Every structure is written in C-alpha cells, then in structure tokens.
Amino acid sequence: ATADEWRGRSIYQIITDRYALPSGSANTTCDTTRQTFCGGTWKGIRDNLDYIQKMGFTAIWISPVNKNYEGPRTAYGDPYHGYWVQDISQLNSKFGTEDDLNDLITELHRRGMYIMVDIVVNHVMVTSTTNPDYSNCFFKDASFYHPYCPIVYGNATSEEVCWFGDEKVPLADVNTSNPTVIERYGQWIEEFVQKYKIDGLRIDAAKHVQKSFWPPFCKKAGVFCMGEVFGGAEVDPVAEWQGPDALDSVLNFPMYTALRDAYTIPGPANTTQLDQVFAEAKSKFHDTTVLGNFLENHDVPRWHNLSVDPQSLYNAMTWNFMSDGIPIVYYGQEQSFSGSGDPNNREALWPSGYANTTSYQYITTLNQLRNFLVNTTDWAKQETNILTSSPTGFAILKGSIISILTTIGSPPQEGAHISVKTPFETATALTNVITCQQWVVGANRMIDAQYSLGGVPTILVPSDQLSGSGLCGTD
Ligand code: ABC
Ligand code: CA
C-alpha cells in the first residue's frame with residue numbers, strides 16, 4: 001500500500017514476543033527485567049486480532065520477523081525484541097513458521113487490515129568488535145561492513161558509518177554504500193514484500209544509513225516506508241528524512257516530545273514548545289499528514305510512567321488522532337501499563353486479560369470517529385490549524401472537527417476554561433462525541449470549554465455531519 005493509502009489508517013504497535021501466547025499454551029508470567037523470550041508468536045497475534053480490530057485499528061506493526069542471533073545469552077539477555085538480526089533471507093523461528101506468518105497476514109487482509117513489518121538493514125549482530133564472525137549473516141564477507149568505531153551522536157558521518165550497539169552486544173554496521181550491498185538489499189526487499197504481501201515498512205535506525213540509500217530501496221519495496229529517526233523537539237534533524245530524497249514518512253518524534261512536555265503531570269507544562277513544534281512541523285515536514293504519531297514505544301518510558309493522570313493521556317492522545325498524521329498506539333497503553341524505559345516498557349499483555357478498560361473504550365471512540373471521517377470524506381488530507389493556544393490547553397481544527405485539549409488534568413478547576421473562535425456560524429449545533437452532549441456556537445462564533453468537572457477532552461463535530469458514524473445514537 002502507498003502513503004496515500006496509509007494516511008487514513010491507524011496502527012497498533014506490537015512487540016511480537018509480548019502481545020499474545022499461541023492458544024492452548026500454558027499461561028506464563030513474564031519478567032521484563034530478565035530480557036528474554038516470554039512466548040508471544042505470530043499465531044498468538046492471529047488468534048487475538050479481535051481485541052485490536054474491535055478497538056478500531058486498521059493496521060498493526062510487528063517486531064522484525066527475520067532471523068536473529070541465536071547464540072548464548074548476552075549481557076542484555078536474548079533477542080526477544082527481534083532487533084538483533086543476522087540473516088534477512090530467513091524468518092525468526094522463535095516467532096513461528098513461514099505458514100504462521102502467512103496465516104497472520106492473510107487473516108489481517110481478510111479483515112481489511114494492513115500489516116507493517118519492522119526491518120533492520122543498518123546492522124547485524126555479531127559477538128566481537130575486533131574479530132567479528134559473519135558466517136551466520138546475510139552478508140558473509142567482512143568487506144560488506146564498515147570497520148568498527150563507536151557512534152558519536154550528533155556527528156552525522158559517525159552516526160552513518162560507525163557501529164550501533166556496544167562492546168556487550170556489537171551491531172556491525174553494514175556498508176550501505178557498497179554497490180553489491182545496495183543491489184542485494186534491493187532484490188531482497190522486493191521479493192520479501194511480495195512474498196509475504198507486506199503493506200508497509202517501519203525502518204529501524206533510518207538515520208544511521210545514508211539518506212540516498214532510501215529512495216531506490218523503497219521504490220523496490222513498492223510500499224509505504226516509515227523511518228525511525230530518533231530525535232527530540234528539534235524539527236529540522238527529523239524533517240530532513242521525509243520527502244522525495246529520503247523516506248515517505250518518519251515517526252513523529254518532535255510532536256511526541258512536545259506533547260510529552262506539555263501534557264504529562266507532573267511535567268514541565270511546556271505549552272510554548274508545543275506551539276513552536278506544531279508551527280515548525282507545518283513548514284518543514286514534506287507531508288505532516290502521513291507522519292507516525294505516538295505517545296509511547298518500546299524505546300521510551302510508558303506515558304503512565306511519566307504521568308499518572310489519565311486525562312493527561314486522553315487529551316494528548318486526542319491530538320494524535322484528531323490532527324495530521326497516522327496515529328500509532330503501542331500495545332499495553334490501553335491497559336495503562338507503566339513500565340519505564342527499555343526493558344521495562346515491554347510488558348507481556350496477557351496478564352491484563354485483554355480487559356475492556358476505560359482507555360480501551362476511549363481509543364475505540366477515537367478510532368470510530370476517525371475511521372468514519374476517513375471513509376466518508378477527505379478529512380485525513382486536510383491540514384490542522386491551532387485555533388486557541390494557552391497554558392490551559394489548545395483547540396485545534398482539522399476539516400470541520402474541533403478538538404479542545406486541556407493540560408490541566410483530572411482535578412476540577414473552577415474558572416479554568418478555553419474559549420475558541422470557531423469557523424461556524426452562531427447557533428450551529430455541534431456534538432461533543434466524547435459525552436454526546438450538544439453544544440451551540442455562541443455570539444461572535446465563540447464557544448467555551450469549562451473545566452469545573454475536570455480536564456476532559458472535547459471533540460466537537462457539526463451535528464448534521466454525524467449521521468452514519470454510529471456515534472452518539474446515530475446509525
Ligand atoms: C540493549 C539493551 C538495553 C541497553 C542497551 C544499551 O542495549 O536491551 O537494555 O540499555 C534494540 C533493542 C534494545 C537493545 C538495542 C541494542 O537493540 O530493542 O533493547 O538495547 O542492542 C531502534 C529500535 C530499538 C532497537 C534498535 C537497534 C534501534 O527502535 O528498539 O534496539 O536495532 C538510537 C538509535 C535508534 C534506536 C535507539 C534505541 O537508539 O538512533 O535507531 N532505536 C539520542 C540519539 C538517538 C538514539 C537515542 C536513544 O538517543 O540521537 O539516535 O537512538 O539512545 C532528544 C535528542 C535525541 C536523543 C534523545 C534521547 O533526546 O534530540 O537526539 O536521541 O532530546
Ligand atoms: Ca550505518
């Protein structure tokens with residue numbers, strides 16, 4: 001599928017080893033600190049797709065599927081996460097058989113859902129920096145690798161040619177400028193995508209490969225390429241990786257950072273930075289409407305670890321669903337998992353019982369509205385604008401949907417409010433799809449969100465545009 005086809009999707013991110021046990025296997029506990037396999041598989045995912053689809057997701061992103069290092073346990077445990085790839089021409093038998101992977105993808109497609117597969121081409125895992133053995137790797141000759149050097153972050157050349165990982169788990173840097181490497185990688189991705197009917201790629205460590213590698217590679221892949229360019233609030237270093245000379249899309253680290261710094265409680269309450277990032281993103285990204293929006297992933301602390309207030313999550317999450325970009329929810333966020341960074345943010349999902357929590361229901365509502373808008377209008381393509389910005393929060397407009405997203409958190413605050421100048425005529429009827437209450441646009445096109453009952457998010461849809469959505473009693 002193309003970037004155009006992905007724009008309207010919403011993605012549930014899965015760590016394959018941690019999402020679901022294959023049916024029939026004994027329930028186990030999973031101690032994340034042990035950094036080893038807990039038993040999740042592709043079959044486990046397939047058997048538990050209802051949970052994801054009923055939440056409204058239209059795509060999943062799974063861990064790398066290719067063969068990893070299979071030697072003795074390292075100082076960082078075993079490659080349960082799938083990123084210690086050695087041979088991309090084989091599948092990772094820890095996650096199942098070729099049939100299991102095909103069955104999962106067939107079942108996703110039967111449901112009208114997309115599969116995004118994580119791929120690692122920047123490096124392979126070896127056990128030594130001084131005398132690496134490449135005999136188990138896709139590229140078996142040392143001439144296909146850059147000589148060892150540790151990465152100096154902030155130095156672009158070093159980030160590109162030096163080795164990711166460390167002495168404990170060396171990740172040998174593939175020489176992605178070598179013409180043979182380029183050709184063989186191109187052949188591989190073309191066949192791999194076709195063979196498994198993959199709809200999109202999440203490209204690991206994209207900024208550690210020279211930019212010019214990606215356009216021909218992604219052309220061979222023939223599907224949506226979303227790169228991981230790990231960054232912070234600074235827009236430029238991330239934005240430069242999206243566009244015709246780089247990738248279709250990147251994960252939206254600047255917006256993640258800005259939402260985190262504005263909404264977490266306790267937190268820096270930095271709403272100014274969110275304003276800036278939003279404005280810069282608009283001018284600097286090639287296309288904000290296909291960026292991957294997230295609040296959590298397997299490399300950063302869970303939201304609930306940073307912020308115990310559930311309303312901080314709901315308001316920030318609504319930004320991701322109701323503004324430009326493809327929303328991505330990391331498995332377990334709907335169960336309020338609270339692990340800190342790697343490896344504690346990779347909890348097994350099964351002990352939660354896949355419960356129908358308040359967060360699960362909130363996400364379901366967001367997906368239901370977004371899917372409705374995507375299926376019936378060109379909403380996903382319309383550019384978001386900020387209508388109101390203040391320390392109390394923001395009002396944003398995308399298409400004809402206004403979201404009012406406060407930073408104040410759950411405790412009621414008498415007098416706290418966000419007033420918004422709407423594009424609608426006075427007396428227009430709006431429905432808040434979160435509470436199903438009716439709102440009416442007041443004099444001078446104004447509306448006002450008040451927080452005497454606490455800082456809940458508000459999503460306003462012109463009432464006459466709601467029919468067909470199934471929301472708030474419509475059919
Ligand atoms: C292992 C152990 C850990 C141990 C670690 C040292 O080694 O498991 O316990 O702490 C995989 C596994 C990991 C494993 C690593 C290494 O391999 O999942 O568990 O860690 O063996 C991707 C994946 C990630 C994956 C890999 C490797 C890459 O999402 O899961 O890790 O295949 C960098 C890379 C990025 C990578 C990330 C983990 O590290 O660029 O591709 N993710 C700065 C740098 C970034 C850097 C980031 C984090 O730090 O610029 O390049 O990401 O280390 C902002 C700045 C940013 C800054 C951030 C922190 O702050 O603007 O630039 O990012 O303000
Ligand atoms: Ca590299």
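For the single chain, residues carry numbers from 1 onward in sequence order. Being a predicted model, the structure only gives us computed values, none of them experimental. For ligands, and for the atoms within them, numbers begin at 1 and follow the listed sequence.
- At a 4.0 Å cut-off, not a single heavy atom of Glu234 sits close enough to ligand 1 to count as contact.
- Judged by a 6.0 Å distance limit and a 45° cone about the ring axis, Arg184 is positioned over the six-membered ring of Phe138.
- Using a 4.0 Å cut-off between heavy atoms, Glu159 makes no contact with ligand 1 at all.
- Within the 4.0 Å heavy-atom shell around ligand 1 one does not find Met125.
- In terms of polar-atom proximity, Asp166 is not counted as a contact of ligand 1, lacking any N or O under 3.5 Å from an N or O of the ligand.
- The shortest heavy-atom distance from Lys168 to ligand 1 is not under 4.0 Å.
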* Asked: After noting the C-alpha distance and the side-chain angles of Tyr331 and Tyr51, does the key distance pass the ring-ring contact (aromatic ring centres under 6.0 Å, His included) rule?
  -> CA-CA 11 Å; Tyr331 87 99; Tyr51 174 78; over 10 Å; no
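- Residue Gly232 has at least one heavy-atom neighbour below 4.0 Å for each of these atoms of ligand 1: 54 (C), 55 (C), 56 (C), 61 (O), 64 (O).
- Distances from ligand 1 to the non-hydrogen atoms of Trp84 include at least one value under 4.0 Å.
- Look at Thr176 and the Ca ion (ligand 2): no N/O/S atom of the residue is under 3.0 Å from the metal.
- Look at Gly165 and you'll find every heavy atom at least 4.0 Å from all atoms of ligand 1.
- Residue Glu160 approaches the Ca ion (ligand 2) most closely through its N/O/S atom O.
- Close approach of ligand 1 to His298 (heavy-atom distance below 4.0 Å) involves ligand atoms 23 (C), 24 (C), 29 (O), 30 (O).
- Among the backbone and side-chain atoms of Glu159, no N/O/S atom is found under 3.0 Å from the Ca ion (ligand 2).
- Close approach of ligand 1 to Phe164 is summarised as follows: ligand atoms under 4.0 Å from at least one heavy atom of the residue are 26 (C), 27 (C), 33 (C), 34 (C), 36 (C), 37 (C), 39 (O).
- Nearest heavy-atom pair across Thr16 and Phe95 is CG2-CG, 3.9 Å.
- If you run ring pair (Phe, Tyr, Trp, His ring centres under 6.0 Å) between His208 and each of Phe213, Phe230, Phe164, only Phe164 comes through.
- Formation of a donor-acceptor pair under 3.5 Å by the Asp342 side chain with backbone atoms of Asp299 is not found in this model.
- Ligand 1 places these atoms under 4.0 Å from at least one heavy atom of Ala205: 41 (O).
- The minimum distance between the Ca ion (ligand 2) and any N, O or S atom of His208 involves atom O.
- Classification of Asp199 and Lys197 as a salt-bridged pair fails, no side-chain N sitting under 4.0 Å from a carboxylate O.
- Between Lys43 and Asp103 no salt bridge is recorded (no basic side-chain N to carboxylate O distance below 4.0 Å).
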